[in-house]
Amino acid sequence: MKETILITGGAGFVGLNLLDFLLKLNKYKVIILDNLSSGNLSLFKEILEKHGVIYSENLSDDVSVIFCKRDIRDKNLDDIIKKSDYVVHLAAQTGVIPSIENPFKDADVNVLGTLNLLNYSVKYGIKRFVFSSSAAPLGEQTPPLNEEKIPSPLSPYGASKLAGEGYCKAFYGSFGLETVVLRFSNVYGIYSYHKGSVVAEFYRRIIKGEPIFIYGDGEQTRDFIYAGDLSRAIVKAIEKRQIGGEIFQLGTGVETSVNKLVEYIRDIVENEIRVEYKPERKGEIRRNYTSIEKAKKILGFNPEIDLKKGLRLTYDWFKEKN
Ligand SMILES: NC(=O)c1ccc[n+]([C@@H]2O[C@H](COP(=O)([O-])OP(=O)(O)OC[C@H]3O[C@@H](n4cnc5c(N)ncnc54)[C@H](O)[C@@H]3O)[C@@H](O)[C@H]2O)c1
């Protein structure tokens, strides 16, 4: 019998990519729990159609995919968690700016929501709980980022993700729940139309014929990981034995400046690109890329889609969706 993976936030960008990947893999059943605050049900349905899979909103139906419109803070998640073998916890308040505007809401979703799920996971003997963290808990660091750096968050979002990491470790220590923390670098790819991240923002504007904005001199760097590669890493984090309580940085290990990114995009798009340089944004990290040595060694993770190829795949999708 197939085991079941619960994806919280499964109607969002990373979740839809993971769903797509899992349906291709055809090894697991999937339950999606999402309150649709930013998730997209029509993309979800599109992915199911692509794979010829039907879904139900009724947990007792014997289908490969179940969708539950619920909130991770709900106190009635027993029915969902008891049907699940693994939890991939992606649902979150994901923005730095909203976290500064309303740190309490950020903490409510990211800290209390995570704690709620961890609690249910202990109650129903979840075999592995994978938590999506980010580089934000680390704050400004001398790159490359790695698992040894001492966290020093700059935003409430970074602090709430760090709290989530702490609770994961604590639930492993106190209850033996097999938690694994994955710190994603900048994720880009298909199904990201709603995202405010740089690649999605650039493509939306370029396709509309609008100028793109670069804040500062454009020499700030990031580590861009394609969402399909990230999905492979998440599945490895579910399947690899004896990694309970561990943290993994996930990225590509490649440092790319925003100017370089625009150069790659110029080679892909038909439209002319107008770049407007704006004053540097306060608090923006200058250099940021990730060592993935630990993920390579222990998870056997190697990114397969390089930035040029990933940008091409993403652009084709954006154009089609436009
Ligand atoms: N995209 C990135 O570059 C990136 C980088 C680092 C970390 N992450 C983390 O990865 C995870 C997924 O991010 P994403 O880019 O897919 O974001 P997203 O906003 O596209 O997806 C988040 C999903 O969670 C759902 N959600 C939000 N609050 C909820 C709640 N209280 N209950 C139930 N569902 C809720 C939303 O409706 C949405 O479908 C997040 O935890 C994010 O912090 C993302």
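Quantities reported herein were computed from a predicted structural model and do not represent experimental measurements. Whatever order the structure lists them in is the order used to number ligands and atoms, beginning at 1.
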Nearest heavy atoms of [X] and [Y], plus distance in Å:
X    : Y    : value
S160 : A107 : CB-CA, 4.5 Å
P153 : P151 : CD-C, 3.8 Å
Y193 : R204 : O-NH1, 2.5 Å

Aromatic ring pairing [X]/[Y], orientation class (parallel under 30°, perpendicular over 60°, tilted between):
X    : Y    : value
Y120 : Y124 : parallel
F67  : F44  : tilted
Y315 : Y203 : tilted

Polar contacts were defined as any N/O atom of the residue lying under 3.5 Å from an N/O atom of the ligand; does this apply to [X] and ligand 1?
X    : value
L33  : no
V109 : no
H89  : no
S37  : yes
F184 : no
S134 : no

So between [options], whose heavy atom ends up nearest [atom]?
atom                    : options              : value
atom 13 (O) of ligand 1 : L43, D34, L18, T94   : T94
atom 5 (C) of ligand 1  : A91, G15, S160, S185 : S185
atom 7 (C) of ligand 1  : S132, G189, S133     : S133
atom 19 (O) of ligand 1 : S38, S192, G12       : S38

Tell me the contacting part of [X] for ligand 1: side chain, backbone, both, or neither, using a 4.0 Å heavy-atom threshold, strictly below.
X    : value
A136 : neither
Y157 : side chain
K195 : side chain
T8   : neither
H194 : side chain

Within 45° of the ring axis of F213 and under 6.0 Å from its six-membered ring centre, is that where the NZ or CZ of K278 lies?
->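 The answer is yes; both the distance and angle limits are met.
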For [X], take its heavy atoms, then give the atoms of ligand 1 lying under 4.0 Å from any of them.
X    : result
L36  : 37 (O)
R73  : 31 (N)
A11  : 39 (O)
A92  : 24 (O), 27 (C), 28 (N), 40 (C), 41 (O)
K161 : 40 (C), 41 (O), 43 (O)
G39  : 36 (C), 37 (O), 38 (C), 39 (O)

Could you point out which residue of K294, K240, K169 forms a side-chain hydrogen bond (donor to acceptor under 3.5 Å, both in side chains) with E246?
->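 Only match with E246 under side-chain hydrogen bond (donor to acceptor under 3.5 Å, both in side chains): K294.
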State if Q93 counts as touching ligand 1 under the rule of any non-hydrogen atom under 4.0 Å.
->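 The answer is no: ligand 1 sits nowhere under 4.0 Å from a heavy atom of Q93.
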Contact between G113 and ligand 1, counting heavy atoms under 4.0 Å?
-> no
Give a yes or no on this: more than 12 heavy atoms of other residues, nucleotides or ligands lie within 6.0 Å of atom [atom1] of [X].
X    : atom1 : result
E148 : CD    : no
K321 : NZ    : yes
K127 : NZ    : yes

Among protein heavy atoms, which lies nearest [atom], and at what distance?
atom                    : value
atom 32 (N) of ligand 1 : I72 N, 3.0 Å
atom 2 (C) of ligand 1  : V187 CG2, 3.5 Å
atom 16 (O) of ligand 1 : V14 N, 2.8 Å
atom 31 (N) of ligand 1 : D71 OD1, 3.1 Å
atom 35 (C) of ligand 1 : N35 OD1, 3.1 Å
atom 12 (C) of ligand 1 : L90 O, 3.5 Å

[X] and side chain to side chain contact (heavy atoms under 4.5 Å, CB included): which single residue from [options] fits?
X    : options          : value
F224 : V254, V198, V187 : V198
L138 : E147, Q249, K161 : Q249
T179 : Y167, Y172, F131 : Y172

With a 4.5 Å heavy-atom cut-off, do [X] and [Y] have their side chains touching?
X    : Y    : result
T256 : R222 : no
E46  : L16  : no
D106 : N102 : no

